[in-house]
2 protein chains.
Amino acid sequence: MGTRILSVEDDERIRQAVKLALEDEGWIVDEAESGEVAINTFQRHPADVVLIDIMLPGIDGFELCRTIRRTSDVPVVMVTARNDTHDIVAGLEAGADDYLTKPFAPKELSARIRALLRRTRPSSTPHARISLGDLEIVPDEGKVSRGGEEVHLTKTEFRLLCELADNPGKVFSREDLLDKVWGYDYFGDGRLVDVHIRRLRTKVEADPANPRHVVTVRGLGYRLQT
Amino acid sequence: MGTRILSVEDDERIRQAVKLALEDEGWIVDEAESGEVAINTFQRHPADVVLIDIMLPGIDGFELCRTIRRTSDVPVVMVTARNDTHDIVAGLEAGADDYLTKPFAPKELSARIRALLRRTRPSSTPHARISLGDLEIVPDEGKVSRGGEEVHLTKTEFRLLCELADNPGKVFSREDLLDKVWGYDYFGDGRLVDVHIRRLRTKVEADPANPRHVVTVRGLGYRLQT
DNA sequence: GTATTGTGCCGCAATTCGGTCGTAATGCGT
DNA sequence: ACGCATTACGACCGAATTGCGGCACAATAC
């Protein structure tokens with residue numbers, strides 16, 4: 001979560017369009033209008049993906065890319081104005097991971113970045129398998145079983161359980177869970193969490209009235225019993 | 001994947017039960033009732049996992065394990081009748097990778113083996129042959145058969161199936177599949193995946209309305225049933 | 001050139017899911 | 001024991017998801 005993207009582009013209007021498109025995906029967007037500013041910004045806020053226009057005032061996109069590559073292996077997308085093979089090759093040699101040709105559709109932009117994130121990020125596999133007592137959770141397979149018996153959870157229930165299981169024993173407040181499961185931009189009733197906890201219990205607990213796994217900590221929130 | 005498992009066990013009934021449980025997972029099961037036979041069999045058909053009962057007539061499980069270890073680093077699971085720390089330590093010293101205590105649930109057995117395969121396999125090459133229940137996939141030859149009967153798949157359907165089969169059990173989101181099957185530069189409707197899943201089912205599933213292989217995980221994507 | 005097959009896209013229908021609400025039950029402090 | 005705050009429950013309805021048939025176009029075979 002909190003994916004951060006650095007967009008380096010000197011054209012004001014394109015920068016705006018890019019920002020809108022990317023923020024629409026829920027990503028945080030840093031902007032830089034030149035290579036110098038970009039390097040500065042990147043050092044203060046390392047991004048998860050960097051988007052570089054080749055034609056820049058001052059140091060050009062290739063140089064910027066090489067500079068970034070010296071200190072980071074963050075995925076880089078180069079943006080070229082013309083469909084010039086030479087530019088593309090030069091970009092890839094400078095260490096870019098992908099390239100885009102102007103003009104590009106906002107959809108294409110976000111799709112490329114998403115693909116890039118998918119390709120580079122999943123190496124950090126959190127937990128292949130979590131088991132707590134008679135509960136077993138396999139995040140990769142979207143499976144949960146109690147005492148060997150597989151139980152079906154909905155997407156939200158599953159995410160909720162995974163979140164709790166991420167720190168077994170830790171108490172999560174409703175705000176914590178709303179943030180992590182429902183996203184940063186959710187404004188609703190905190191009782192929403194209660195409802196899903198209840199639904200989760202009916203499926204995960206042998207006796208939902210006396211929960212042994214999903215425990216409520218009155219006044220604080222919920223936690224997963226170790 | 002044509003996973004082959006060698007089960008070394010002198011008790012006829014247990015051997016039967018193990019065979020059934022493992023074949024249920026789509027694995028090929030070789031059997032040996034003694035260490036001598038096991039060594040012979042293993043040389044003719046190298047297995048991906050070897051399951052050894054400690055109590056064997058003739059050479060015992062530890063000796064067998066050491067013998068196998070001299071020529072192969074195949075994962076070995078030791079089976080002990082009693083929950084004896086000494087046995088377990090001795091087994092691990094003999095080169096075993098995991099151990100099980102009798103009596104064990106078939107589910108636990110297959111879960112352990114699956115875990116072992118996951119831990120050891122990823123380094124190896126793409127699977128030359130994948131079989132799941134009555135389905136058999138041969139990526140190299142572009143062939144798929146259900147219950148021995150060969151079925152014709154189109155290029156896209158085949159790639160889709162292979163992608164799913166690459167990590168059986170893992171849930172693939174539509175984006176994952178679009179990325180891998182259609183390429184990272186495809187920007188169409190995610191519903192396209194649905195359509196091809198449906199077409200795949202009409203060919204691969206005995207009853208396309210109740211898919212047993214290509215399963216949908218609502219809200220997450222699709223996965224191949226293990 | 002024509003027929004056949006494969007591919008992508010759309011709209012409809014069935015189902016499931018998610019969020020909200022009113023209300024009941026429970027725990028906690030006094 | 002009482003009142004207040006917090007949590008649990010059941011039900012409802014709109015929204016999201018997915019399966020399905022069909023259509024148009026492209027690729028390939030004949």
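Throughout, a chain's letter reflects where its sequence line sits, starting with A, and its residues are numbered from 1. Because the structure is predicted, anything quoted here is derived from the model rather than measured.
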Please confirm whether the backbone N or O of A/Ile68 pairs with a side-chain atom of A/Ser72, one donor and one acceptor, at under 3.5 Å?
no
Closer than 3.5 angstrom, by distance alone: can the side chain of A/Arg146 be matched with the main-chain N or O of A/Val151 as a donor-acceptor pair?
no
May I ask you to decide if B/Leu192's main-chain N or O and B/Asp189's side chain share a donor-acceptor pair within less than 3.5 Å?
no
Ignoring hydrogens and geometry, is there a side-chain-to-backbone donor-acceptor pair from A/Asp176 to A/Ser173 under 3.5 Å?
yes
Rounded to whole angstrom units, what separation is found between the CD atom of A/Glu205 and the C1' atom of D/dA8?
14 Å
Starting at CD of B/Glu157 and ending at C1' of C/dT5, how long is that distance when rounded to a whole Å?
11 Å
Do A/Asp48 side-chain atoms and A/Arg4 backbone N/O form a donor-acceptor pair below 3.5 Å?
yes
Between atom CG of B/Asp30 and atom CZ of B/Phe42, what is the distance when rounded to the nearest 0.5 Å?
10.5 Å
Apply the side-chain hydrogen bond (donor to acceptor under 3.5 Å, both in side chains) test between A/Glu157 and each candidate in A/Lys203, A/His152, A/Arg201; give the one that qualifies.
A/Lys203
Could you go over nucleotides 23-26 of chain C and give all protein N or O partners under 3.5 Å, atom names and distances?
residue	atom	partner	partner atom	Å
C/dT23	O4	A/Arg191	NH1	3.2

If you assign each of B/Thr216 and A/Thr202 to its closest nucleotide in DNA chain D, which residue comes earlier from the 5' end?
A/Thr202
Less than 3.5 Å between a donor and an acceptor, one on the side chain of B/Arg201 and one on the base of D/dG19, is that the case here?
no
In degrees rounded to 10°, what angle is found between the helical axes fit to the five outermost pairs at each end of the helix from C/dG1-D/dC30 to C/dT30-D/dA1?
40°
Mark yes when over 12 heavy atoms from residues, nucleotides or ligands other than A/Arg174 sit less than 6.0 Å from its CZ; otherwise mark no.
yes
A/Ile39 CD1 to A/Ser34 OG distance, which is reported to the nearest 0.5 Å
8.5 Å
Nearest-Å distance, NZ (B/Lys203) to P (C/dT5)?
11 Å
Output the single nucleotide from C/dC17, C/dT7, C/dC10 whose closest atom is nearest the side chain of B/Thr154.
C/dT7
What integer distance in Å separates A/Arg174:CZ from D/dT6:C1'?
8 Å
Using whole Å, what does the distance between atom P of nucleotide C/dA14 and atom CG of B/Asp194 come to?
18 Å
Whole-Å gap separating C1' (C/dC9) and NE2 (B/His196)
10 Å
5'-most by nearest nucleotide on DNA chain C - B/Thr156 or A/Arg198:
B/Thr156
Expressed as a whole number of angstroms, how long is the span from B/Asn210:CG to D/dT18:P?
18 Å
When you measure from the side-chain N and O atoms of B/His152 to the phosphate of C/dG6, is any distance below 4.0 Å, counting only OP1 and OP2?
yes
Could you check A/Arg191 against A/Asp194 for salt bridge (Lys or Arg N to Asp or Glu O under 4.0 Å), going step by step and ending with a plain yes or no?
CA-CA 5 Å; A/Arg191 283 203 293 163; A/Asp194 303 24; over 6 Å; no
OP1 or OP2 of C/dG18 under 4.0 Å from side-chain N/O of A/Trp182
no
Protein heavy-atom contacts under 4.0 Å, written 5' to 3' over nucleotides 23-30 of chain D as B (base), S (sugar-phosphate only) or - (none), form the string --------
Taken to the nearest 0.5 Å, the spacing of B/Glu205 CD from B/Asp134 CG works out to 8.5 Å
Could you walk me through whether A/Arg13 and A/Gln16 pass the side chain to side chain contact (heavy atoms under 4.5 Å, CB included) test, one step at a time?
CA-CA 5 Å; A/Arg13 292 171 312 153; A/Gln16 268 302 314; 5.6 Å; no
CG of A/Leu192 versus P of C/dC17: gap in Å, rounded?
16 Å
For a quick test of reading the model: is some side-chain N or O of B/Tyr222 closer than 4.0 Å to OP1 or OP2 of D/dG19?
yes
